[in-house]
Asker: 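One structure coming up, written as structure tokens, with questions to follow.
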Amino acid sequence: QVQLVESGGGLVQPGGSLRLSCEGSGFTFKNYHMNWVRQAPGKGLEWVSGITTGGGGSGIYADFVKGRFFISRDDAKNTLYLQMNSLEPDDTAVYYCAAHSSAFSYYRSVTGYDYRGQGTQVTVSS
């Protein structure tokens with residue numbers, strides 16, 4: 001059974017940090033390009049960050065998180081991470097990880113994924 005399970009969300013004050021994790025199982029994690037996407041209350045899905053297979057080099061980021069969020073992956077642990085620093089109230093959203101077998105569908109995309117997790121809530125509030 002294929003699963004992507006996000007964890008690490010929670011309530012944090014503005015300026016704080018959180019580290020999200022996404023553990024995959026039931027498929028060959030290392031062969032998939034991975035994205036983080038989010039959905040804020042009342043809004044559509046928004047692409048946040050992505051990392052290709054192998055994880056070599058830097059990830060790619062939406063402008064609104066560049067310099068604050070950092071994506072990484074540990075294929076030995078079948079796990080994707082998102083380190084989120086300097087969090088702002090506008091970062092409040094449900095965060096999802098998504099796995100793409102196609103590099104074409106992966107690039108800065110909120111659709112076209114093969115698998116997606118159930119999400120973890122991040123709330124930034126004082």
Asker: Where does the angle between the aromatic ring planes of Phe27 and Tyr115 fall among parallel (under 30°), tilted (30 to 60°) and perpendicular (over 60°)?
Answerer: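 Ring orientation, 0 to 90° scale: tilted.
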
Asker: Step through the shown structure and confirm whether more than 12 heavy atoms of other residues, nucleotides or ligands are within 6.0 Å of CD on Gln83.
Answerer: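 Enclosed.
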
Asker: OG1/Thr79 to CD/Glu23 distance, rounded to the nearest 0.5 angstrom?
Answerer: 4.5 Å

Asker: Is any side-chain heavy atom of Leu11 closer than 4.5 Å to one of Ser125?
Answerer: yes

Asker: Is a donor on one side and an acceptor on the other found under 3.5 Å between the side chain of Thr28 and the backbone of Asn31?
Answerer: no

Asker: Any non-hydrogen side-chain atom of Arg38 less than 4.5 Å from a side-chain atom of Leu82?
Answerer: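 Side chain of Arg38 against side chain of Leu82, heavy atoms only: no contact under 4.5 Å found.
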
Asker: Can you get from Met84 to Phe70 by hopping between Ile, Leu, Val, Met, Phe, Trp and Tyr side chains that sit under 4.5 Å apart?
Answerer: yes

Asker: Under 4.5 Å between any side-chain heavy atoms of Cys22 and Trp36, yes or no?
Answerer: yes

Asker: Describe, in one word, how the ring planes of Tyr113 and His100 are oriented to each other, choosing from parallel (under 30°), tilted (30 to 60°) and perpendicular (over 60°).
Answerer: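 Ring orientation of Tyr113 relative to His100: perpendicular.
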
Asker: Can a donor-acceptor pair be found, under 3.5 Å and without considering hydrogens, that links the side chain of Trp47 to the backbone of Thr111?
Answerer: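 Looks like no, no N/O pair under 3.5 Å.
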
Asker: Sub-3.5 Å donor-acceptor pair from the side chain of Thr92 to the main-chain atoms of Val124, do we have one?
Answerer: yes

Asker: With a 3.5 Å distance limit and no angle check, can you tell me whether Ser109 reaches the backbone of Tyr106 through a side-chain donor-acceptor pair?
Answerer: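 Looks like no, no N/O pair under 3.5 Å.
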
Asker: Using a 3.5 Å distance criterion without hydrogens, assess whether the side chain of Glu6 forms a donor-acceptor pair with backbone atoms of Cys97.
Answerer: yes

Asker: Quick one: does any side-chain atom of Tyr32 pair with a main-chain N or O of Ala98 as donor and acceptor, under 3.5 Å?
Answerer: no

Asker: Closer than 3.5 angstrom, by distance alone: can the side chain of Arg73 be matched with the main-chain N or O of Thr52 as a donor-acceptor pair?
Answerer: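 Flag set: sc Arg73 to bb Thr52 pair under 3.5 Å.
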
Asker: Using every non-hydrogen atom in the two residues, find where Phe29 and Gly24 come nearest and quote the distance to one decimal.
Answerer: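 Smallest interatomic distance, heavy atoms only, reads CD1-CA, 4.2 Å.
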
Asker: Among the clusters formed by ILVMFWY side chains lying less than 4.5 Å apart, do Met34 and Val5 turn up in the same one?
Answerer: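 In one cluster: no.
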
Asker: Consider only side-chain heavy atoms of I, L, V, M, F, W and Y, link residues closer than 4.5 Å, and tell whether Ile60 and Tyr96 are in one cluster.
Answerer: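 Yes, because Ile60 and Tyr96 connect within a single hydrophobic cluster, where side-chain heavy atoms sit under 4.5 Å apart.
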
Asker: So how far is it from Phe69 CZ to Arg19 CZ, rounded to the nearest 0.5 Å?
Answerer: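 Interatomic distance, Phe69 CZ to Arg19 CZ, rounded to 0.5 Å: 14.5 Å.
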
Asker: Nearest 0.5 Å please: distance from the CG atom of Asn85 over to the CZ atom of Arg68.
Answerer: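 Rounded to the nearest 0.5 Å, the CG-CZ separation comes out at 9.0 Å.
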
Asker: Is it true that Val65 and Ile71 fall in one hydrophobic cluster, defined by side-chain heavy atoms closer than 4.5 Å?
Answerer: yes

Asker: Search all heavy atoms of Ser86 against all heavy atoms of Ser17 and return the closest pair with its distance.
Answerer: N-OG, 4.3 Å

Asker: Are Asp90 and Phe64 side-chain neighbours, meaning at least one heavy-atom pair lies under 4.5 Å?
Answerer: no

Asker: Between Ser105 and Gly112, which heavy-atom pair has the shortest distance, and what is it?
Answerer: OG-O, 3.2 Å

Asker: Under 4.5 Å between side-chain heavy atoms, counting indirect links through other Ile/Leu/Val/Met/Phe/Trp/Tyr residues: same cluster for Leu18 and Leu80 or not?
Answerer: yes

Asker: Could you check whether any side-chain heavy atom of Asp114 comes within less than 4.5 Å of a side-chain heavy atom of Val2, counting everything from C-beta outward?
Answerer: no

